[in-house]
2 protein chains.
Amino acid sequence: MDEVARAAGVSISTVSYALSGKRPVSVATRQRVERAVADLGYSPNARARMLAARRTQIFALTEPLRPDTHAPTHMAFVLAASIAARRKEYDILLLTEAEASAGMQRVADSGLVDAILVLDVAPNDERVGLSRAIDTPTVFIGVPTDTAGLVCVDLDFAAATRRAVDALADAGHTRIGLLGHTPEAYELSNFPPRVRDAFRHCSAERGVTAQVRIPDGPGAASERFRRAASDLIEGGATGILVQGNEEAHLSVLAEAERRGLRIPADLSLLSLAATHDTGSLPVPLTAIPLVPQDSCDLAVELAARLAAGEKVAPGIRLIDPLFVDRGSIASPAASPTRPTA
Amino acid sequence: MDEVARAAGVSISTVSYALSGKRPVSVATRQRVERAVADLGYSPNARARMLAARRTQIFALTEPLRPDTHAPTHMAFVLAASIAARRKEYDILLLTEAEASAGMQRVADSGLVDAILVLDVAPNDERVGLSRAIDTPTVFIGVPTDTAGLVCVDLDFAAATRRAVDALADAGHTRIGLLGHTPEAYELSNFPPRVRDAFRHCSAERGVTAQVRIPDGPGAASERFRRAASDLIEGGATGILVQGNEEAHLSVLAEAERRGLRIPADLSLLSLAATHDTGSLPVPLTAIPLVPQDSCDLAVELAARLAAGEKVAPGIRLIDPLFVDRGSIASPAASPTRPTA
DNA sequence: TTGAAAGCGCTACCAT
DNA sequence: ATGGTAGCGCTTTCAA
């Protein structure tokens, strides 16, 4: 930087200001600095900047990354967070230690990062308590049980579920089903219970009969999904809300095909809170998707503000659900007799 | 740190040495320092340490993360790299920008990281040229076409393939098949061609008839895999080397079941270079796996040495393949007439 | 609009 | 075995 200053015939502080723009610099001077920078191939030293500015321009992203987690979904969130962060001149440091708290504590204590983004939030997440104990601002992508004092971001699952129930009820369905998540997901993840409860609640309000079927029992995952879908259809459901990953969706479609049910003529389907592309399935599905980029954009926005020292009111920021119509919902078949396998 | 020094009644440099261990410190002093550290809840400032020590204890991990990449595999490598790095006191900074080179250039120029790990290496990867132009040490996990001057780490695919061919040939198979990767993988990834060529070469050497079948044509991925397996069996292959992800493996097993072929009595199967657990498939498969942790451990080891200023000879470090016998290989059925669908 | 200089909080060299 | 101290390469306050 010293060399740049000499080459441009200005002081070192003027170079700093010319580059950061934190102080007005005359056009002539700025150009001389820019030329010197280009000529010398100068680029500022991140380490020195970090120490002097007291910020690293790095966010930590904590994600336990258990072996059983659904990789594509997590990858989507990591990618989305990374993209959002770069837009605001931040880099992402990955924290994947077995004990999620250890890494968080470490980067907080050492001042290695300006803020922490918490992914894959469990209802009773150990990182919740820790975030209250450290000085580094923390933003949760997902909503744990106890949110006191926390900054959380998530899809508005209640609104999404209501919208989904309404879509089926509006089309005339009176018996609707929810294909649930796996039993474990109700323990480890934060939103499945919220969706289930909202589903029951909204269905009651709309006066439609609601069934929830969890994919459990023996067999491979696809078999459990298929069986769950089968049970819902047997139970009289003419419209089903499908949750889960691509495999779950494919299994439901496979079961419909097995029974010779056309979509949406014989069976209405709506994908709820999926992160994969439900438009490229064998039968494109109308969907209320969970868009990682939306959550991550907002989370990064809040993290950046907190890192800049701005006050951000604790609380839960819910993202409005998006409704993507792909024509997989219709009125239930007029005839009560429907073809079965 | 100043406070700790005063509390312990020593100089600030002694505190530094007591904590880093870079200079012998008497037991008594060390204990006084440790007490002071504990009492004051002191933890060293990472930013200051970075500037003074001229290293950040951070490795960049560049991974394009295209939407079409197989998420579970990439995730496995990211996790493995993270674990390996933490063992050596390094953190991982994720670089996933669309133009992989931009991020690499940036962290190199600013001195933000001590070394760069390159994942998902394409045969003609743009990061190869860049790595030669920057000062930051770089380690490739995968082998590009032009490796001059590079430090690369990878599974010894040639040895793995030879071992696989030998296993089938030793069991008495005279017609063996290779279930190839998808056509795109041969362009974007670096090892599929190596395996294919080694397969043909080794088969010729062993005097066994080799068929390679690429899963292409219409239909879903699983359908293409199934068809490829079917073609190999129709072609007379009594032993098949299975590559690819879990779906590919499942498809081959499904096709075998469809034809009523028992494994290994009627058909021998060997999984080659898979990153998922081939022991938990419906039929556990004998395998020569690709173990992300092995590659990442070695890569991190080399990166750490380079970061420490040690000389590391450029070149390709190949990892010895592991052979995991799960009993899915047997002698080919004595009778030339085998049941077919 | 610009410059001078005091840090930022450590590391590591030079002493003793 | 320990202490003093000069940087590391920036940012930012205070002055002009």
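Chain identifiers are assigned alphabetically (A, B, ...) following the order of the sequence lines, protein sequences preceding nucleic acid strands; residue numbering begins at 1 within each chain.
Counting non-hydrogen atoms of neighbouring residues, nucleotides and ligands closer than 6.0 angstrom, the CG atom of B:Asn124 reaches no more than 12 such neighbours. Within 6.0 Å of atom CZ in A:Arg35, 12 or fewer heavy atoms from other residues, nucleotides or ligands are found, so the atom counts as exposed in its surroundings. Residue-environment remark: CD (A:Glu126) exceeds the threshold of 12 foreign heavy atoms within 6.0 Å. Within 6.0 Å of atom CD in B:Glu3, 12 or fewer heavy atoms from other residues, nucleotides or ligands are found, so the atom counts as exposed in its surroundings.
Rounded to an integer number of Å, the gap from CE of A:Met50 to C1' of D:dC10 is 12 Å. Following rounding to the nearest Å, B:Ile12 (CD1) and C:dA15 (P) show an atom-to-atom distance of 20 Å. Between the CE atom of A:Met1 and the C1' atom of C:dA4 there is a distance of 14 Å, given to the nearest Å. Following rounding to the nearest Å, A:Leu51 (CG) and C:dC8 (P) show an atom-to-atom distance of 9 Å. Put simply, CG on A:Asp109 is 15 Å from P on C:dG9, counting in whole angstrom units. Whole-Å rounding puts the B:Asp2 CG to C:dG7 C1' distance at 14 Å. The interatomic distance linking B:Arg32 (CZ) with D:dA1 (P) rounds to 14 Å, in whole Å. If you take CZ of B:Arg30 and C1' of D:dA1, they are 11 Å apart, rounded to a whole angstrom.
Evaluation of atom-type donor-acceptor distances gives a pair under 3.5 Å for the side chain of B:Ser13 against the base of D:dG4. A donor-acceptor contact under 3.5 Å links the side chain of B:Tyr17 to the base of C:dA12. Contact of A:Arg49 with D:dT11 (side chain to base): no donor-acceptor pair of N or O atoms is detected under 3.5 Å. No hydrogens or angles were tested; on distance alone, a donor-acceptor pair under 3.5 Å links the side chain of A:Arg23 to the base of C:dG3.
Listed nucleotides: D:dG3, C:dC10, D:dG9. Nearest to the side chain of B:Ala52: C:dC10.
Between B:Ala53 and B:Val10, the one whose closest nucleotide on DNA chain D sits nearer the 5' end is B:Val10.
Phosphate contact (OP1/OP2 of C:dA12, side-chain N/O of B:Lys22, threshold under 4.0 Å): present. Regarding contacts with the backbone of D:dT11, a side-chain N or O of A:Ser16 is found under 4.0 angstrom from either OP1 or OP2. Regarding contacts with the backbone of D:dA1, every side-chain N or O of B:Thr29 stays at 4.0 angstrom or more from both OP1 and OP2. For the OP1/OP2 pair of D:dG4 and a distance below 4.0 Å, the side-chain nitrogens and oxygens of B:Ser11 include no atom meeting the criterion.
Interatomic distance, A:Leu130 CG to A:Thr138 OG1, rounded to the nearest 0.5 Å: 7.5 Å.
Within the 3.5 Å criterion, the main-chain N or O of B:Leu95 finds no donor-acceptor partner in the side chain of B:Thr62.
Results of the side-chain contact (heavy atoms from CB on, under 4.5 Å) test with A:Pro123 over A:Asp146, A:Leu188, A:Val143, A:Thr145 single out A:Thr145 as the only residue that passes.
Between A:Val10 and A:Val25, every side-chain heavy-atom pair lies at or beyond the 4.5 Å cut-off.
Terminal axes of the helix from C:dT1-D:dA16 to C:dT16-D:dA1 (five pairs each, C1' rotation axis) are separated by 30°, to the nearest 10°.
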